Amino acid sequence: MEANETRSVFGKLLLEHRRAAGWTQARLAEASGISVRALRELERGRARAAQRRSAEVLADALGLTGRDREFFLTVAEQGRRRNPALAAQVAATCALPAPTADLSGRENELDQLSAKVAEGGGVVAIVGQAGVGKTALAVTAADLWRAEFPDGGYAVDLRGMDEEPLSARAALDRLLRALDVAPGQVPASEAERSALLRMLLEGRKVLLLLDNAADEAQIRPLLVAGPGSLTLITCRRTLAGLEGARWLGLEPLSDDGATGLLAKIVGADRIRAEPAAARELVELCGFLPLAVRIAGNRLATRPQWSLAQLADRLRDESTRLRALAAGDLQLRSAFDLSYRAVSAEARRLFRRLATVPGADFGLELAIVVSGAASADVRDHLDELVDASLLQTTAEPERHQFHDLIRLFAEERFEAEEDPAARDIVLGHLLDKAAEAARLFYPKASDTGRFGSRDEAARWLDVEGENWVAAHRLGARKGRHREVRDLAIALHWYSDGRSAQRPWWEIFSLGAAAASALGDAGAEAKLLNFVGWAASVCLGDDESAVAEHRRALDIAVRIGDQVERTWACIYLGGVLRSTGQAEEAFEFAKRGYELAHELAHELPFWDGQTTARNMYGRALLNAGRHAEALAVHRAVLSDAERLAGDTYPDFHRLLKTLTLRAIGDVLADLAEWREAAGQYRTSRWLAWEGGFGGLEVLSAIREGRAWREAGAFDEARECLTLAVELSPGPSFGAWREQASAELALLPFGPTEREGR
């Protein structure tokens, strides 16, 4: 396979079956009637999957029957269903913005930037005061240089002026997902994410725009400084502590540049008609591009006005754009001019959008804050965009504030709105997020304001920054009941999404809220969630033990048998990870016994599965193989019998974990081929469910089982797959493990001859 090719899942499956049959491509082509070339394209991933008839012919030729045939055809169908637009939609979240059409007066600065880039790419920081046009220049330059960076261009707004700027960790998550890293494979820590970003971009020629930076600490983990790549940064600060960077200090426009910008907005004829007024106007604007643009937009939307009329208004100190002459705080006046140019309805929407807690928003939240009809809100949003009071994002029908304009909107809200209006969007986000999350409970049905569980998942993903910010804000405002309820609701949704959200913070805020309410039962429950997040998301098993012990103490004190059971289950796993095997066994056993006693309160899908599998692993660690197998096989049998009581992905997850546990017992008994079969089924189920980490673990264990069984080709396929699926630091230990297993395999005939 060529270095730049990535084999599709169907291609891997086809190759496995062909090799298992001991056939060449030529022989399979003869048996199936499909050309060797077409087979080669399928196996190499150039074609994602075969058409249905071709897949059936291949299955017949390979002699596939039963579950093997069914799975082969299912993979082919899923491959055909893949939507190329989905990858583009994810990448669009970090797409370079469109350049400003009326940029003027920055030709010299573009030349300076080009010279700095010609020196060898690296890191270039564009710095200067608010409103000086840093972003407009950077975006225009990036658009001009797109062809010089064939491996892509990416942009992230770091929101440096927010009360809580975008963290480097969150920015890295966006970039990694835009680079097609699956959510489950994004590492937990900032350092691991930074290392993964550098690894993915190593040797590639990319352009990265980091807009609205807060400070050096926010930027350092995001830098892409390899040969041939370029990182452009915009910031109000000088970033003097940034190592290895080159700077371009951006000053206000020249007289001609500012007048030229104004002409592009209002038309050259109007400038020629009133040259003196134009000169006075841009001077009153302080030659700052943002101020000139706002003034120009006022004129463009009022063709009956003369330039002299607007200049006359600005002469009065009570109405002049004070910020344009005296720094950041006085920029309010410039924003106020644009604000007063829009309709009363648009101004009201503008003010109320300041209550949206996240970085951007869609039509839904705009309707919530305004209370107006959908069509009217769309018109008002368009009006605000035209007035440069809102910006569009790469995501369709989503908008955002520029940092400074958001501050202005906040001020207008404080001056003109009832403070109680802040609670409208906050309550909506807290309530709807909880409702969406509850659809991921094991026995939840697809009801409520969401049409399906998939729709709820999409909403939680798209509005993630808003509901997380609302959760934080709710905690600060003392809305303990809603904060507690949302944190509890999110538990099952967080499974399989450990890298997507700050779960430790979310569950910790929930536990604190429960404590403030005096709700000891909810506090115990949420402390168990905090412990899970500490172990799974942060890799901090010691802290996890402490949280689960706190939960256990509370549960015992108040007589909450369900949370006592969960604390025992969790401790049975995490204590084993900290080397306390005997205590871990006792807790796992106690959790198993308690779950059995509480079958009515803790039914199969709601906890018995976890309790029983945890106990099975404890039995394996104690060397009690027959008992361990009996426990896991009973879980698997009950899962099939009760499959209709939960939704497919949850059922798939449980089977993935249980089959791997059975494989572990068989492997410990040296029943290698049987173990490999269990691992293989677990691996494919993990792939079906998108459980990336579980797929890697099953592939490694399957590969080791095949090696021990003497099936070296099968072992090599599995272990190579495990390495391919472990690209980043968070998978480093697994990648090393898979590589070590590969090194133990004997060389094949071709490899020996090559040596």
Side-chain angles (χ1 to χ4, degrees), residues 9 13 64-78 81 184 436-448 450-457 489-497 562 565-566 569 591-592 595-596 598-617 628-666 674-675 677-695 697-698 702:
V9 175
L13 184 59
L64 301 182
T65 59
R67 289 182 57 82
D68 285 344
R69 178 186 178 87
E70 179 183 349
F71 188 74
F72 185 83
L73 297 177
T74 298
V75 172
E77 182 179 0
Q78 290 177 343
R81 286 180 179 175
R438 290 188 187 103
L439 287 179
F440 294 85
Y441 281 31
K443 292 185 178 181
S445 58
D446 292 350
T447 58
F450 297 99
S452 68
R453 188 173 290 104
D454 286 344
E455 182 183 328
L490 287 163
H491 170 58
W492 292 107
Y493 172 76
S494 68
D495 273 355
R497 298 173 176 85
V562 170
T565 302
W566 273 114
I569 294 169
Y592 171 77
H596 180 71
L598 297 172
H600 181 70
E601 296 176 75
L602 203 62
F604 181 76
W605 294 109
D606 295 76
Q608 296 241 355
T609 56
T610 308
R612 290 161 66 179
N613 274 338
M614 187 68 72
Y615 182 52
R617 290 196 172 279
L629 277 176
V631 168
H632 293 312
R633 284 172 173 163
V635 171
L636 202 61
S637 175
D638 287 345
E640 292 304 307
R641 179 172 57 85
L642 301 172
D645 292 344
T646 191
Y647 55 93
D649 274 350
F650 198 81
H651 178 239
R652 189 175 290 114
L653 174 63
L654 185 277
K655 287 183 65 177
T656 299
L657 295 168
T658 308
L659 286 166
R660 195 183 77 206
I662 292 173
D664 289 345
V665 180
L666 294 171
E674 292 81 357
Q678 299 295 321
Y679 290 137
R680 171 165 291 195
T681 307
S682 174
R683 172 164 63 91
W684 283 110
L685 285 169
W687 170 79
E688 280 185 322
F691 314 129
L694 298 181
E695 184 181 0
L697 282 173
S698 294
E702 182 187 349

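All values derive from a computational prediction rather than experimental measurement.
- Shortest non-hydrogen contact noted between Asn613 and His632 is OD1-ND1, 2.9 Å.
- Ring pair Tyr493/Phe440 is perpendicular by interplanar angle, where above 60° counts as perpendicular and below 30° as parallel.
- In this structure, the separation between OG1 on Thr609 and CD1 on Ile569 is 8.5 Å, given to the nearest 0.5 Å.
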### Task
Decide side-chain contact (heavy atoms from CB on, under 4.5 Å) for Asp645 and Trp605; before the verdict, give the C-alpha distance in whole Å, the side-chain angles of both, and the deciding distance to 0.1 Å.
CA-CA 8 Å; Asp645 292 344; Trp605 294 109; 3.7 Å; yes

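- One finds the OG1 atom of Thr658 at 6.5 Å from the CD1 atom of Ile662 (value rounded to the nearest 0.5 Å).
- Using modelled atom types, no side-chain atom of Tyr615 and backbone atom of Tyr592 make a donor-acceptor pair closer than 3.5 Å.
- Under a cutoff of 6.0 Å and an axis angle of 45°, Arg453 and Tyr647 form a cation-pi pair.
- At distances below 3.5 Å, not a single donor-acceptor pair connects side-chain atoms of Ser682 with backbone N or O atoms of Gln678.
- When all heavy atoms of Pro442 and Phe650 are compared, the closest pair comes out as CG-CZ, 3.9 Å.
- Shown here for Ala611 and Ala595, the closest heavy-atom pair between the two residues is CB-CB, 3.6 Å.
- In this structure, CG on Leu653 lies 10.0 Å from OG1 on Thr646, to the nearest 0.5 angstrom.
- The shortest side-chain heavy-atom distance between Leu697 and Tyr679 does not fall under the 4.5 Å cut-off.
- Nearest heavy atom pair, residue Ala628 against residue Gly616, reads CB-O, 3.4 Å.
- At distances below 3.5 Å, at least one donor-acceptor pair connects side-chain atoms of Glu455 with backbone N or O atoms of Gly451.
- The distance from atom CG of Leu685 to atom NE2 of His651, rounded to the nearest 0.5 Å, is 9.0 Å.
- Listed for the Thr565 side chain is no donor-acceptor partner under 3.5 Å among the backbone atoms of Gly591.
- Checking side-chain atoms of Trp492 against main-chain N and O of Leu439 turns up no donor-acceptor pair under 3.5 Å.
- A salt bridge links Asp664 and Arg617; the closest N-O separation between the charged side-chain nitrogens and carboxylate oxygens is under 4.0 Å.
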Discussion item. If you apply the rule side-chain contact (heavy atoms from CB on, under 4.5 Å), what do you find for Leu629 with Leu666, and how did you get there?
Written reply: CA-CA 8 Å; Leu629 277 176; Leu666 294 171; 4.2 Å; yes

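- Annotation for Asp638 and Arg612: closest pair OD2-NH2, 2.9 Å, computed over non-hydrogen atoms.
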Evaluation steps, side-chain contact (heavy atoms from CB on, under 4.5 Å), between Arg680 and Trp684: CA-CA 6 Å; Arg680 171 165 291 195; Trp684 283 110; 3.7 Å; yes

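- Taking both residues in full, the closest heavy atoms of Leu598 and Val562 are given as CD1-N, 3.9 Å, listed atom of the first, atom of the second, then distance.
- There is no side-chain donor-acceptor pair under 3.5 Å between Gln608 and His596.
- For Ser494 (side chain) and His491 (main-chain N/O), a donor-acceptor pair under 3.5 Å exists by modelled atom type.
- Panel note: side chain Thr656, backbone Arg652; a donor-acceptor pair is recorded below 3.5 Å.
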For this session: Mind running side-chain contact (heavy atoms from CB on, under 4.5 Å) on Val635 and Leu654 for me, showing each step along the way?
Result: CA-CA 9 Å; Val635 171; Leu654 185 277; 4.0 Å; yes

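- Ion pairing between Arg683 and Glu695 fails under the 4.0 Å rule for side-chain N and carboxylate O.
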